[in-house]
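A quick note: this is a predicted structure, and the numbers were derived from the prediction, not measured. Heads up: numbering here begins at 1 and tracks the sequence.
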Amino acid sequence: MSDHLTIRRPDDWHLHLRDGAMLAAVLPETARHFARAIVMPNLVPPVVTGAEAAAYRDRIRAALPAGMVFEPLMTLYLTEGTDPEDVAAAHASGLIKAVKLYPAGATTNSASGVTDFNKIAAVLERMAEIGLPLCTHGEVTDADVDIFDREAVFIDRVLDPLRRAHPGLKVVMEHITTAQAAEYVRSVDTGLGATITTHHLVINRNHILVGGIKPHYYCLPVAKREEHRLALVAAATSGDPRFFLGTDSAPHIDALKEHACGCAGCFTATNTMSILAEVFEAESALDRLEGFTSLNGPAFYGMPANEARLTLIKGPPFHYPSKIDSADGPVTVFDPGFPLHWQVDD
Ligand code: DOR
Ligand code: ZN
């Protein structure tokens, strides 16, 4: 195997950029390697309307350091009060590329999410008509459902009925963490895709809990058993175009991660491409890395792949900074727990 790998420039199909000082700190970490990213709308308050998405896009553009090229792909946060016409207008103008469904209470800043799925039927109908994808945080929030089962139960109780009620709707199952989710994606020929994060290809639930609690490995959906991690690695490295990279890189300052009630999120923007190269090389699948990071996502979203290229070079173990600084405080970079040999030639 060669020690150089040149691929089309990757995109991140699920990213948290935040706002203000945190946006300024994390945006260069993504823009250094990625051409575009689907930007999550779970700000406080959330990005609900087209006007709010346009203003957020402008703040992202303004925060981009001179000389960097990056295109934010905006999303709207779906609420029970979302206006289908506002969504359609934001799509028609080219402003938004997806709408994000958070079940109320499922994760960080999801309080404005959906409780009664009947109340979003008209928006979903309009989205199906215009071909606008729905990105789902696929976890039920029922107190009686164990946190490790919440994704699998979501498929049966929410996602499958929702897809049957809106057969033309394009859906992305975001950050899948289970063999059941990968299997569900494979059971559908068109209109259903899934993003997989970098960290869920690397850690299982033992990494979070064995030998002391590791707050920087805690995210939602929480990592599951090893058999599920292996199913995700198999899906990501299979070449199946229904699976593509969405890092879910989600910065929180250390003070809020290392806390009695620690925030959910792993920050992987900085070292994702090097980690993925290790994961794919271990599966003898380096030739499929480009599909996962740079081809399958654009194809699903109906966009061209990037013309620019990115080169990874294999050498002695390479160390990324363990933290990046923001004006709000330091953010810990995800530690894969193994050496990284593939360095992005930037
Ligand atoms: O771990 C997570 N962090 N999962 C999410 O769904 C949200 C994200 C965040 O915004 O911090
Ligand atoms: Zn997310």
Side-chain angles (χ1 to χ4, degrees), residues 9-79 81-102 108-113 123 126-127 130-135 137 172 174 195 246-253 265 267 269-270 297-298 301-304 306-308 324-329 331:
R9 208 161 173 80
D11 302 306
D12 186 345
W13 298 94
H14 182 128
L15 176 66
H16 297 271
L17 284 176
R18 314 299 193 206
D19 215 343
M22 188 60 87
L23 168 63
V26 300
L27 180 58
E29 300 300 300
T30 287
R32 197 174 295 129
H33 298 162
F34 294 87
R36 302 172 288 197
I38 286 274
V39 180
M40 287 295 123
N42 63 334
L43 304 183
V44 189
V47 179
V48 174
T49 65
E52 287 161 357
Y56 185 31
R57 178 200 55 197
D58 293 347
R59 294 198 297 280
I60 296 169
R61 286 182 176 162
L64 191 67
M68 283 189 143
V69 181
F70 174 75
E71 188 185 352
L73 306 173
M74 307 310 293
T75 63
L76 298 183
Y77 186 118
L78 183 56
T79 72
T82 291
D83 173 8
E85 293 317 311
D86 182 57
V87 171
H91 173 252
S93 72
L95 171 65
I96 61 159
K97 300 297 179 213
V99 172
K100 178 68 188 269
L101 167 64
Y102 289 103
T108 312
N109 304 333
S110 62
S112 313
V123 185
R126 196 87 175 85
M127 288 170 60
I130 61 180
L132 179 61
L134 179 73
C135 295
H137 182 106
V172 184
E174 299 290 346
T195 57
T247 65
D248 198 15
S249 182
H252 295 275
I253 57 168
F267 181 69
T270 307
Y301 275 90
M303 294 177 209
N306 298 307
E307 282 307 325
I324 64 155
D325 284 322
S326 82
D328 294 338
V331 175

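Contact annotation: the side chain of Leu78 approaches that of Leu134 to within less than 4.5 Å [non-hydrogen atoms, C-beta and beyond]. Annotation: side chain of Pro41 is not in contact with side chain of Glu52 (no heavy-atom distance under 4.5 Å). Contact check for His137 versus Ser110: no side-chain heavy atoms found under the 4.5 Å cut-off. Within the 4.5 Å cutoff, the side chain of Val99 has no heavy atoms near those of the Arg126 side chain. At least one side-chain heavy atom of Phe267 sits under 4.5 Å from a side-chain heavy atom of Val26. Taking the side chain as every heavy atom from C-beta outward, Asn42 and Lys100 never approach each other to under 4.5 Å.
Residue Leu73 holds its CG atom at 5.0 Å from CE of Met303, rounded to the nearest 0.5 Å. Between the CD1 atom in Ile38 and the CD atom in Glu174 there is a gap of 8.0 Å [rounded to 0.5 Å]. Considering OG1 of Thr82 and CG of Leu76, their distance stands at 7.5 Å, rounded to 0.5 Å. Rounded to the nearest 0.5 angstrom, Asp58 CG and Met74 CE are separated by 9.0 Å. Separation of atoms CD1 (Ile60) and CG (Asp19) is listed at 8.0 Å; rounding is to 0.5 Å. Taken from CG in Leu27 to CZ in Arg32, the straight-line distance is 10.5 Å, to the nearest 0.5 Å.
By the ring-ring contact (aromatic ring centres under 6.0 Å, His included) test, His14 is found to be paired with His16, His175, residues two or more places apart in sequence or in another chain being considered. In this view, Ser326 satisfies the side-chain hydrogen bond (donor to acceptor under 3.5 Å, both in side chains) rule with no residue, not counting sequence neighbours.
What you find for Gly265 and His252 is that their closest heavy atoms are CA-CD2, 4.1 Å. Residue Asn306 comes nearest to Pro10 through the heavy atom pair ND2-O, 3.9 Å, listed as atom of the first residue, atom of the second, then distance. Of all heavy-atom pairs spanning Pro72 and Val39, the tightest one is CB-CG2, 3.9 Å. Of all heavy-atom pairs spanning Pro28 and Ala24, the tightest one is CD-O, 3.2 Å. Shown here for Gly50 and Asp86, the closest heavy-atom pair between the two residues is N-OD2, 2.9 Å. Contact record, Trp13 with Arg36: CZ2-NH2, 4.4 Å, taken as the closest heavy-atom pair.
In summary, the side chains of Asp12 and Thr247 do present a donor paired with an acceptor at a separation below 3.5 Å, with no hydrogens or angles considered.
Listed by first and then second residue, the ring pair (Phe, Tyr, Trp, His ring centres under 6.0 Å) pairs involving residues 52-78 are Tyr77-Tyr102 (not counting sequence neighbours).
Counting only distance, with no hydrogens or angles, the side chain of Ser249 and the backbone of Leu15 share no donor-acceptor pair below 3.5 Å.
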